[in-house]
Amino acid sequence: MDSSQSQQQQQQQQQPQQQQPQLQQQPVVKKKETRGRKPKPKDEKKDEQQAKKMKAQQQPSVDERYTQWKSLVPVLYDWFANHNLVWPSLSCRWGPQLEQATYKNRQRLYLSEQTDGSVPNTLVIANCEVVKPRVAAAEHISQFNEEARSPFVKKYKTIIHPGEVNRIRELPQNARIVATHTDSPDVLIWDVEAQPNRHAVLGATNSRPDLILTGHQENAEFALAMCPTEPYVLSGGKDKLVVLWSIQDHITTAASDAAASKSPGSGGSIIKKAGEANDKTAEGPSIGPRGVYHGHEDTVEDVTFCPSNAQEFCSVGDDSCLILWDARTGTSPAVKVEKAHNADLHCVDWNPHDDNLIITGSADNSIRLFDRRNLTSNGVGSPIYKFEGHKAAVLCVQWSPDKSSVFGSSAEDGLLNIWDYDKVGKKTERATRTPAAPPGLFFQHAGHRDKVVDFHWNASDPWTLVSVSDDCDTTGGGGTLQIWRMSDLIYRPEDEVLAELEKFKSHVIECAAKP
């Protein structure tokens with residue numbers, strides 16, 4: 001790195017500033033069928049359209065809601081960045097943290113580009129500058145252009161993906177290894193650091209996956225998970241199956257060679273290179289599953305591992321069932337919860353702090369909290385609590401890594417809600433929240449104007465999230481990526497906030513008294 005580049009980096013680290021936005025033109029993309037939803041009869045569609053019109057007359061429009069939200073950004077957020085996407089992305093994930101500086105950290109970010117066919121679909125590796133708490137000035141975070149790229153997000157590498165990228169998941173033991181779902185039966189594994197950077201132009205050949213996981217009989221598009229304790233991959237598909245693989249079955253045994261070829265601390269790839277394994281096809285090496293699990297009666301929409309045991313996992317599907325599995329006891333369900341919701345289930349997550357707690361999200365617009373010790377009553381799902389705050393199908397749920405009782409949910413209504421089940425029914429919660437707010441809801445991110453298809457908590461920067469919306473319905477193309485952190489005055493204990501306010505008040509009085 002030359003001296004001019006070094007000086008430029010130092011200046012950027014001293015104080016984050018908003019740069020001149022670069023306007024984007026949105027190409028029109030073909031609308032993808034909404035996940036987990038089946039085509040409806042014409043009569044049913046007409047009734048639904050009439051109901052939506054009546055609701056629209058009673059509720060503020062999307063633009064009105066967005067305008068109101070934007071006026072409150074300096075109050076609600078400690079930091080906020082808006083990044084316009086030329087092509088919609090159906091998934092967004094944090095990668096490893098790369099660098100820590102005085103005012104901000106640099107971190108990998110994984111997203112995708114779902115194109116109209118004029119250029120290839122891609123898996124994008126970006127570098128994101130995450131501004132530290134209480135650094136960004138209010139005027140900076142409120143001055144953003146919805147049609148511009150953010151100066152905090154820079155594309156680092158492009159992988160030309162074989163088909164659309166519907167889901168991205170990173171391996172917790174090595175975040176440079178990611179799995180992707182596309183419109184095929186296979187799961188693709190990528191070492192994103194080893195993959196060459198490609199130019200996405202029409203006619204370009206696909207990048208070659210480092211590993212292909214086979215075992216599904218039909219397309220597996222959304223249900224995908226990586227195990228937090230072992231290099232295991234879990235998937236569900238239209239074949240109604242849940243399939244388990246171990247990347248360990250393909251890990252190189254030449255660890256000493258890998259260590260010798262890598263500098264200390266660089267963390268070599270855990271994926272065998274081409275030629276190191278049974279590599280007979282041009283698409284890349286492949287392995288079969290360790291287990292195939294039967295129990296769902298319709299498409300499996302989401303899967304997740306038990307945080308404390310790699311042999312236990314759960315799945316949800318369009319059959320309205322939540323199923324718990326134990327690989328040690330066979331390929332049949334350990335527990336099957338019938339009618340976990342009143343409609344298709346789209347998403348599930350297992351609490352990383354308390355492995356008795358599981359949340360599910362559904363096309364019935366609700367989130368339900370289950371205790372694995374008491375999942376059913378008379379054969380039907382018996383949740384601890386039903387969280388009802390969305391006005392459309394819930395697409396994604398995820399527990400917070402920062403507080404055991406907090407989780408987020410995103411939906412087709414364009415909202416990302418943050419909930420705390422500890423606050424449900426408590427006197428303090430009833431006293432502080434507005435009368436219209438559902439129990440447990442303590443923050444609502446309304447920065448997206450179309451369905452929020454994915455979001456991810458940042459494990460390296462507390463209370464920081466990335467979220468992405470598919471804007472095809474509102475703008476005819478493109479998407480919006482947002483990185484944000486709510487003000488700590490919202491989630492900190494009330495006594496702490498009051499004590500800090502008193503301290504600030506005393507400081508103001510003291511300053512005013514000085515001559």
Side-chain angles (χ1 to χ4, degrees), residues 77-81 91-98 100 104-111 128 130-133 167-179 224-232 234 302-310 312-314 347-361 367 369-370 372 387 394-410 416-423 440-443 445 452 454-468 481-488 490-493:
Y77 297 85
D78 176 75
W79 180 58
F80 175 83
S91 194
C92 59
R93 300 292 288 186
W94 291 107
Q97 192 175 77
L98 304 173
Q100 293 188 351
K104 56 191 175 182
N105 300 324
R106 193 160 57 92
Q107 189 168 354
R108 287 276 194 263
L109 187 63
Y110 305 135
L111 57 151
C128 180
V130 182
V131 176
K132 290 189 174 182
R167 185 62 62 90
I168 306 167
R169 288 294 179 263
E170 74 289 345
L171 185 65
Q173 302 91 40
N174 187 342
R176 63 185 276 177
I177 306 300
V178 302
L224 184 64
M226 295 283 222
C227 179
T229 56
E230 298 286 345
Y232 293 168
L234 195 64
D302 200 12
V303 291
T304 189
F305 281 95
C306 175
S308 61
N309 192 328
E312 298 180 38
F313 39 91
C314 67
C347 45
V348 63
D349 197 31
W350 211 314
N351 193 319
H353 309 280
D354 182 350
D355 59 16
N356 286 316
L357 299 180
I358 298 169
I359 47 173
T360 56
I367 303 104
L369 173 64
F370 289 90
R372 66 183 297 190
F387 297 88
V394 179
L395 299 178
C396 183
V397 291
Q398 192 194 4
W399 290 100
S400 166
D402 305 306
K403 187 179 178 183
S404 61
S405 58
V406 171
F407 64 90
S409 64
S410 68
L416 201 169
N417 290 338
I418 307 297
W419 310 80
D420 188 344
Y421 76 79
D422 268 356
K423 293 185 177 182
L441 179 64
F442 75 95
F443 189 82
H445 177 65
V452 183
D454 201 11
F455 72 92
H456 192 201
W457 295 88
N458 192 333
S460 301
D461 268 284
W463 294 92
T464 303
L465 295 97
V466 60
S467 53
V468 67
L481 182 83
Q482 295 181 341
I483 304 143
W484 51 276
R485 182 190 309 116
M486 73 181 80
S487 168
D488 63 359
I490 295 172
Y491 60 80
R492 284 169 56 197

Under the 3.5 angstrom rule, does the side chain of [X] hit a backbone N or O of [Y] as a donor-acceptor pair?
X      : Y      : answer
Arg485 : Val131 : yes
Asn351 : Ser404 : yes
Gln398 : Trp457 : yes
His445 : Leu416 : no
Asn458 : Thr464 : no
Trp350 : Thr304 : no
Gln173 : Cys227 : yes

[X] and [Y]: which non-hydrogen atoms are nearest, and at how many Å?
X      : Y      : result
Ser400 : Pro352 : O-CG, 4.4 Å
Asn417 : Leu441 : CB-CD1, 3.4 Å
Ile490 : Lys423 : O-NZ, 4.5 Å
Arg108 : Leu98  : NH1-CD1, 2.9 Å
Asp355 : Pro307 : CB-CD, 4.2 Å
Ala175 : Glu170 : O-CB, 4.1 Å

Would you please indicate yes or no on a ring centroid separation below 6.0 angstrom for Phe80 and Trp484?
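Between Phe80 and Trp484, which both carry aromatic rings, the centre distance is not below 6.0 Å.
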Could you check whether Phe313 and Tyr232 have their ring centres less than 6.0 Å apart?
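Not close enough - the centres of the two rings lie 6.0 Å or further apart.
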State which residues pass ring-ring contact (aromatic ring centres under 6.0 Å, His included) with Tyr110; sequence neighbours excluded, sorted by chain then number.
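Here no residue qualifies.
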Those residues that, when tested against Tyr491, pass ring-ring contact (aromatic ring centres under 6.0 Å, His included) (two or more places apart):
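Result, ring-ring contact (aromatic ring centres under 6.0 Å, His included) vs Tyr491: Trp463.
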How long is the straight-line distance from [atom2] of [Y] back to [atom1] of [X], given to the nearest 0.5 Å?
X      : Y      : atom1 : atom2 : value
Phe455 : Leu395 : CZ    : CG    : 10.5 Å
Ile483 : Ser467 : CD1   : OG    : 8.5 Å
Leu357 : Asp349 : CG    : CG    : 11.0 Å
Ile168 : Trp94  : CD1   : CH2   : 13.0 Å
Phe305 : Leu234 : CZ    : CG    : 4.5 Å
His456 : Ser410 : NE2   : OG    : 12.5 Å

Side-chain heavy atoms of [X] within contact of [Y], under 4.5 Å:
X      : Y      : answer
Arg167 : Asp302 : yes
Cys314 : Arg372 : no
Leu109 : Val466 : yes
Cys347 : Val394 : yes
Arg93  : Val178 : no

Report the C-alpha separation of Val406 and Phe442 in whole Å, then their side-chain angles, then the decisive distance to 0.1 Å, and conclude whether the side-chain contact (heavy atoms from CB on, under 4.5 Å) test is met.
CA-CA 10 Å; Val406 171; Phe442 75 95; 4.2 Å; yes
Would you check, one step at a time, whether the test side-chain contact (heavy atoms from CB on, under 4.5 Å) holds for Asp488 with Asp78?
CA-CA 7 Å; Asp488 63 359; Asp78 176 75; over 6 Å; no
Full working for side-chain contact (heavy atoms from CB on, under 4.5 Å) between Tyr421 and Ile359
CA-CA 11 Å; Tyr421 76 79; Ile359 47 173; over 6 Å; no
Classify the ring geometry of Phe407 against Trp399: parallel below 30°, tilted from 30° to 60°, perpendicular beyond 60°.
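Geometry flag for Trp399 against Phe407: perpendicular rings.
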Which is it for Asn105 and Ser460 under the side-chain contact (heavy atoms from CB on, under 4.5 Å) test, yes or no, and what are the steps along the way?
CA-CA 9 Å; Asn105 300 324; Ser460 301; over 6 Å; no
